[in-house]
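First the proteins, then the strands, lettered A, B, ... as listed; each starts at 1.
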Protein chains: 4
Amino acid sequence: MPRRPATEEAREERRTALLDAAMRLWVEHPERVSNVSDVARAAGIAKGTVYLYFKSKEDLLLAAHERHVEAFFDALLERAQQPERMTLDDMIALTRHHIVEVPAFLPLAMLISSLLDKSVTPEVVRAFEQRKSGRLNAAGALLCRHFDFENVTAGVRLLMQSYGLMLGLWQLLGSACCSQIYANGEALSPDYLTELDNALRALWRGTLNSKDDSHA
Amino acid sequence: MPRRPATEEAREERRTALLDAAMRLWVEHPERVSNVSDVARAAGIAKGTVYLYFKSKEDLLLAAHERHVEAFFDALLERAQQPERMTLDDMIALTRHHIVEVPAFLPLAMLISSLLDKSVTPEVVRAFEQRKSGRLNAAGALLCRHFDFENVTAGVRLLMQSYGLMLGLWQLLGSACCSQIYANGEALSPDYLTELDNALRALWRGTLNSKDDSHA
Amino acid sequence: MPRRPATEEAREERRTALLDAAMRLWVEHPERVSNVSDVARAAGIAKGTVYLYFKSKEDLLLAAHERHVEAFFDALLERAQQPERMTLDDMIALTRHHIVEVPAFLPLAMLISSLLDKSVTPEVVRAFEQRKSGRLNAAGALLCRHFDFENVTAGVRLLMQSYGLMLGLWQLLGSACCSQIYANGEALSPDYLTELDNALRALWRGTLNSKDDSHA
Amino acid sequence: MPRRPATEEAREERRTALLDAAMRLWVEHPERVSNVSDVARAAGIAKGTVYLYFKSKEDLLLAAHERHVEAFFDALLERAQQPERMTLDDMIALTRHHIVEVPAFLPLAMLISSLLDKSVTPEVVRAFEQRKSGRLNAAGALLCRHFDFENVTAGVRLLMQSYGLMLGLWQLLGSACCSQIYANGEALSPDYLTELDNALRALWRGTLNSKDDSHA
DNA sequence: AATGAATGAGGTTTCATTCAT
DNA sequence: CATGAATGAAACCTCATTCAT
């Protein structure tokens with residue numbers, strides 16, 4: 001472990017190590033949000049050093065969440081830029097792989113939501129929201145290549161709605177089972193996955209067919 | 001202030017007063033979750049007294065959330081038991097009135113989700129989930145009278161999915177505006193409402209039409 | 001359970017029931033001093049009623065301790081008033097039966113000692129000490145009939161010293177084993193008893209022989 | 001006040017300062033056990049800092065007690081290692097100096113006894129007891145050089161019994177006067193000292209002479 | 001006399017953050 | 001840059017005691 005990340009690259013490496021450590025601990029102890037001390041130790045650095053890389057604990061958690069979101073959008077953009085037409089199944093698979101099956105994604109997203117209301121300065125929130133909305137719009141626009149949307153906003157909308165569905169259903173179906181899931185070391189609850197599949201299909205069907213309806 | 005709520009009714013009144021106070025403080029200070037001491041003061045009773053009515057702070061918040069949920073389901077059941085056929089617009093109006101426009105409903109629901117993973121004993125969580133699922137099933141079954149579902153579970157599913165959509169979209173569209181909204185004392189963000197409307201219609205359309213699709 | 005102990009006798013009965021309950025709970029939960037609420041419930045009365053019979057929790061514990069002490073002295077006086085000459089073995093047996101084997105006697109005595117320094121008004125302490133010293137002197141005087149003491153204070157001294165030995169050794173040998181003892185439901189630790197036996201014999205030998213020594 | 005006790009030595013100094021403060025407060029306010037907050041203030045550090053040095057309040061009190069015990073044994077061992085033969089008077093003087101006249105020794109020992117039954121984990125208790133018994137055995141063995149014991153355990157026994165006598169007699173004779181004594185700022189109660197002297201002499205006489213008795 | 005709901009002081013402990021080294 | 005000891009606010013919860021009924 002280099003003591004002085006002189007370069008920007010080294011700095012980024014440490015940030016990454018901290019986020020990795022935080023998520024690792026989250027998965028290991030889903031019953032509580034790890035404290036800064038534990039995260040630092042797990043990342044192999046001192047507690048005070050954390051504050052050289054993140055303004056606050058909330059800032060760290062928000063960054064971890066944003067990394068999750070970013071990874072999903074990166075995968076989505078990559079896929080959407082390929083020529084072969086995407087299907088709903090492709091979308092669901094992508095979703096499952098980069099959101100549902102990333103252990104801390106949804107519970108962390110839930111916590112972030114509570115966090116944003118308090119403990120975080122409005123500027124930080126706004127910046128975060130703008131980055132997220134930028135990605136959303138880009139991805140939504142690309143989706144139009146693959147699906148027959150009425151207009152360009154429909155892609156953005158569907159993404160947004162799908163994400164919302166994922167998150168909201170997780171509260172109903174994921175949390176109670178959460179502890180069991182982690183305890184058993186198994187994958188995610190089949191019920192949540194089944195229901196999510198169902199819901200996403202209904203939502204997309206409802207959106208994609210509305211065009212046809214209006215034709216009729 | 002009566003020193004002894006002799007009757008069970010009086011006891012319930014105090015519980016209610018405490019929950020009211022907690023929600024009032026939530027709305028007044030959305031930037032932080034009030035501590036027990038403040039809630040007690042706002043309700044005009046001593047801190048220790050709170051613990052005669054709720055096992056812990058988390059228990060109180062969970063009860064406040066459950067009261068929200070209960071109020072929605074009560075209204076839904078009442079409407080569903082009336083003979084006149086419900087429309088999707090009725091559903092959306094009901095939803096808007098008892099969920100979206102209840103100030104602390106969605107942010108509290110968000111917090112509860114984080115809370116249930118920790119700080120609350122599994123038994124309490126299970127009991128809460130069972131009551132909620134009981135209400136959900138009852139309401140879902142009644143909905144079949146009004147909509148042409150494929151089968152009885154479709155009603156339950158749609159409710160669940162609708163609730164999920166509401167909650168999840170809230171994170172994307174509600175939270176950032178949340179503080180501004182409360183600060184201005186205005187009504188809810190139009191964007192969240194519009195989008196929710198859109199999303200719910202798509203979801204319901206997708207579910208209700210799937211039957212016809214299979215016919216075709 | 002009569003609601004109004006009109007007579008002094010009935011009052012005494014309730015006091016007794018409370019002390020019984022307190023000691024029962026002590027034995028059942030040696031790991032903590034029961035709170036007033038539990039004692040009251042175990043005695044079948046309301047919490048507030050306790051304060052009609054004892055000025056405070058400390059007062060109750062002190063009374064329980066004094067009952068222990070009183071029982072021992074009563075037995076000692078009774079035996080000492082019988083004509084047949086007592087032996088050291090008689091004394092040790094008496095001691096064992098009324099002190100060592102009364103489950104809460106020694107730990108409570110230990111607690112009382114801490115209590116008297118604080119939480120109890122000097123008047124109460126003085127009254128308690130005077131009653132105790134009265135019994136001690138009476139018993140000590142009677143012992144002279146049975147043992148060849150140099151003078152009358154020697155009896156009092158020996159009693160006092162013996163009690164001290166019991167209590168002090170208890171701290172060294174009793175407490176660590178205490179939990180195991182209660183946990184196993186067995187009688188007292190053999191080590192404590194053996195050592196106490198040893199110590200008491202040495203003490204008495206040293207006192208009774210000192211007379212002979214001075215003769216020599 | 002240095003912010004960082006860099007060395008292990010400095011750390012030990014702070015521990016010592018905390019124990020000193022706790023004992024100082026005990027002596028100044030014998031009517032109550034100081035809370036951690038007061039101890040911290042008296043030591044000139046923050047409340048939270050106490051928990052960097054002691055796991056809990058009980059842990060602190062136990063450490064203070066152990067320091068008392070340690071000081072006595074250290075003095076005893078030092079004396080016992082000198083060539084000149086010890087007398088009973090030497091023992092009594094040592095005892096008086098390091099136990100009886102250390103203001104908080106005996107009342108704290110009394111409290112510890114109550115504490116060990118609760119509020120302290122069995123492991124901590126066991127570790128403490130083992131250290132204490134280690135010192136006791138070492139000291140007891142050394143005593144054989146100076147006194148004509150039947151066997152090596154007699155030394156250990158006598159120490160144990162003497163300590164018990166001190167502690168137990170303290171409850172009878174020390175505690176009632178305790179507050180007055182401290183209040184007056186005078187030395188210890190002469191009665192307790194006289195009686196302890198008496199008792200110790202009888203005990204030792206009884207043990208040391210038993211050998212001769214058996215000879216006769 | 002009896003009750004038990006209400007009280008609220010009192011205490012412990014945690015932990016995000018700072019800052020002297 | 002890195003450290004980690006120190007901080008001290010913040011929060012929770014208990015329970016002996018009171019007192020209106």
Side-chain angles (χ1 to χ4, degrees), chain A residues 1-6 10-11 14 32-41 45-60 119, chain B residues 1-6 10-11 14 32-38 40-41 44-58 119, chain C residues 1-6 10-11 14 33-41 45-60 119, chain D residues 1-6 10-11 14 32-38 40-41 44-58 60 119:
Chain A
M1 178 70 47
R3 267 182 76 96
R4 311 182 96 205
R11 184 178 168 78
R14 279 229 165 157
R32 62 188 190 80
V33 180
S34 297
N35 57 36
V36 174
S37 186
D38 287 342
V39 171
R41 190 176 328 118
I45 63 174
K47 185 163 46 163
T49 310
V50 174
Y51 289 85
L52 298 175
Y53 295 89
F54 297 97
K55 272 202 297 291
S56 69
K57 186 189 185 179
E58 277 76 31
D59 192 42
L60 186 150
S119 326
Chain B
M1 179 69 43
R3 259 188 81 94
R4 301 183 65 186
R11 187 178 164 76
R14 278 236 161 156
R32 64 188 188 83
V33 179
S34 298
N35 57 35
V36 171
S37 196
D38 289 341
R41 183 169 37 247
I45 63 174
K47 183 166 45 166
T49 309
V50 175
Y51 289 89
L52 295 178
Y53 291 89
F54 299 98
K55 275 200 293 292
S56 67
K57 183 192 186 180
E58 278 75 30
S119 324
Chain C
M1 178 71 47
R3 265 184 76 96
R4 311 182 96 207
R11 184 178 168 76
R14 280 233 164 155
V33 180
S34 297
N35 58 37
V36 173
S37 186
D38 287 342
V39 171
R41 189 176 328 119
I45 63 175
K47 185 163 47 163
T49 311
V50 173
Y51 289 85
L52 298 175
Y53 294 91
F54 296 97
K55 274 202 296 288
S56 69
K57 186 189 185 180
E58 277 76 31
D59 192 41
L60 186 151
S119 326
Chain D
M1 178 69 43
R3 260 188 82 94
R4 302 182 64 187
R11 187 178 165 77
R14 278 234 162 155
R32 64 188 188 81
V33 179
S34 299
N35 57 34
V36 171
S37 196
D38 288 342
R41 183 168 36 248
I45 64 175
K47 185 163 46 165
T49 308
V50 175
Y51 288 88
L52 296 177
Y53 292 89
F54 299 97
K55 276 201 292 291
S56 68
K57 182 190 184 181
E58 278 76 31
L60 186 150
S119 324

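- Side-chain atoms of Leu60(A) and Lys55(A), non-hydrogen and from C-beta on, never get closer than 4.5 Å to each other.
- Listed pair Thr49(C) / dT3(E) meets the phosphate criterion, a side-chain N or O lying under 4.0 Å from OP1 or OP2.
- Rounded to the nearest 0.5 Å, atoms OG (Ser37(A)) and CZ (Arg41(A)) are 5.0 Å apart.
- Under the 4.5 Å side-chain criterion, counting only non-hydrogen atoms from C-beta, Val39(A) is not in contact with Val50(A).
- Using a 4.0 Å heavy-atom distance criterion, Lys47(A) is classed as a base contact.
- As rounded to whole Å, 12 Å separates atom P of dA9(E) from atom CZ of Arg41(B).
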*State the dot-bracket string of DNA chain F. Criteria: Watson-Crick or G-U wobble, both atom distances under 3.5 angstrom; notation: ( ) intrastrand, [ ] crossing earlier pairs, | interstrand, . unpaired.*
.||||||||||||||||||||
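- Rounded to an integer number of Å, the gap from CZ of Arg32(B) to P of dA9(F) is 16 Å.
- Residue-to-nucleotide proximity on DNA chain E shows that, of Val50(C) and Gly48(B), the 5′-proximal contact is made by Val50(C).
- Atom P of nucleotide dG4(F) and atom CG of Leu52(D) are separated by 13 Å, given to the nearest angstrom.
- Between the C1' atom of dC13(F) and the CG atom of Asn35(D) lies a distance of 16 Å, rounded to the nearest Å.
- Contact check, Arg14(D) against dA6(F): a side-chain N or O comes under 4.0 Å of OP1 or OP2.
- Between Ser34(C) atom OG and Lys57(C) atom NZ the span is 7.5 Å, to the nearest 0.5 Å.
- The distance between atom OH of Tyr51(C) and atom C1' of dT7(E), rounded to the nearest whole Å, is 13 Å.
- If you measure from atom OH of Tyr53(C) to atom C1' of dT17(F), you get 18 Å, rounded to the nearest angstrom.
- Heavy atoms of Ser56(A) sit under 4.0 angstrom from primed sugar atoms or phosphate atoms, though from no base atom.
- Looking at which nucleotide of DNA chain F each of Ala46(D) and Glu58(C) is closest to, the 5′-most match is held by Ala46(D).
- Here the P atom of nucleotide dA16(F) and the NZ atom of Lys55(C) are 17 Å apart, to the nearest Å.
- Distance from the side chain of Lys57(B) is smallest to dC13(F) among dT7(F), dC13(F), dA2(F).
- To the nearest angstrom, P of dA16(E) lies 11 Å from CG of Leu60(A).
- Interatomic distance, Tyr53(D) OH to Arg14(D) CZ, rounded to the nearest 0.5 Å: 5.0 Å.
- Note: Phe54(A) CZ to Asp59(A) CG = 7.0 Å, rounded to the nearest 0.5 Å.
- Salt-bridge check for Arg32(A) with Asp38(A): passed, with a basic side-chain N closer than 4.0 Å to an acidic carboxylate O.
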